[in-house]
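Since this is a predicted model, take the numbers as computed values, not measurements.
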Amino acid sequence: QVQLVESGGGLVQAGGSLRLSCAASGRTFSSYAMGWFRQAPGKEREAVACINTSGGTTYYADAVKGRFTISRDNAKNRVYLQMNSLKPEDTAVYYCNAGLWYSGSGFHFPYDSWGQGTQVTVSS
């Protein structure tokens, strides 16, 4: 099972940008789909963006479409989330996770491989 460490969060003003990074251990990183999730206080964790093993298929939540971009570097065992035009409602702890992608049914995240997360705070 892959182990994950998120970084890159911080405090930013509305309209600003941040780039999150997720470092994965293990030799099998390239065989996993990857996803970024977030959890705001008092709310459930939600999927933000996902990417399949090759990077050719992505998913974005409606709330972040056009502002966030997910990418991966299989040679470096890393997945990234570029966040632009940040809004106060993007404030949350952001997590990455490893999962699966099937062309017929999309992304699935059945593994309990959550990292510690990284805090993103957007001030108005």
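Judged purely by atom type and a 3.5 angstrom limit, D73 has no side-chain atom pairing as donor or acceptor with the backbone of N77.
In this structure, the separation between NZ on K43 and CD on E89 is 8.5 Å, given to the nearest 0.5 Å. Note that OG of S113 is 9.5 Å distant from CD of Q3, once rounded to the nearest 0.5 Å. With rounding to the nearest 0.5 angstrom, the CE atom of M34 is 4.5 Å from the SG atom of C22. Between atom OG of residue S85 and atom CZ of residue R67 there is a gap of 7.0 Å, rounded to the nearest 0.5 Å. Within the model, atoms OG1 of T121 and CD of Q13 stand 13.0 Å from one another, a figure rounded to the nearest 0.5 Å. Rounding to the nearest 0.5 Å gives a distance of 13.5 Å between CZ of R72 and CG of L81.
Residue L20 is grouped with residue F68 when hydrophobic side chains (ILVMFWY) are merged at heavy-atom distances under 4.5 angstrom, including chains of intermediate members. The hydrophobic clustering, which links ILVMFWY residues whose side-chain heavy atoms are closer than 4.5 Å, places V93 and W114 together. F109 is not connected to V79 by any chain of hydrophobic side-chain contacts under 4.5 Å among Ile, Leu, Val, Met, Phe, Trp and Tyr, and they are in different clusters. If you chain together hydrophobic residues whose side chains sit under 4.5 Å apart, Y60 and L86 fall into the same group. When the side chains of ILVMFWY residues are joined at heavy-atom separations under 4.5 Å, either directly or via intervening members, Y80 and F37 end up in two distinct hydrophobic clusters.
The heavy-atom pair separating A61 from A47 by the smallest distance is CB-O, 3.5 Å. The two residues P110 and L100 make their nearest non-hydrogen contact at CG-CD1, 4.1 Å. Here the shortest heavy-atom pairing between P88 and A14 reads CD-CB, 4.1 Å. Nearest heavy-atom pair, V48 versus V64, reported as atom, atom and distance to 0.1 Å: O-CG2, 3.6 Å. Scanning all heavy atoms of the two residues, the minimum distance from E6 to C96 falls at OE2-N, 2.9 Å. A24 and V2 get closest at one heavy-atom pair: CB-CG2, 3.5 Å.
Here the side chains of W101 and T57 are in contact, with some heavy-atom distance below 4.5 Å. Here the side chains of L4 and N97 are in contact, with some heavy-atom distance below 4.5 Å. Y95 places none of its side-chain heavy atoms less than 4.5 Å from the side chain of R38. Counting heavy atoms from C-beta outward, M83 and Y94 have side chains that approach closer than 4.5 Å.
Ion pairing of K65 with D62 is present here, as a side-chain N (NZ or NE/NH1/NH2) and a carboxylate O approach within less than 4.0 Å.
Using cut-offs of 30° and 60° on the angle between ring planes, the pair Y59 and F107 is tilted.
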* Step-by-step side-chain contact (heavy atoms from CB on, under 4.5 Å) determination, L18 to V120 -> CA-CA 9 Å; L18 284 173; V120 171; 3.9 Å; yes
* **Derivation of the side-chain contact (heavy atoms from CB on, under 4.5 Å) call for C50 and W36** => CA-CA 6 Å; C50 308; W36 282 99; over 6 Å; no
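A side-chain donor from one of R78 and S21 sits under 3.5 Å from a side-chain acceptor of the other.
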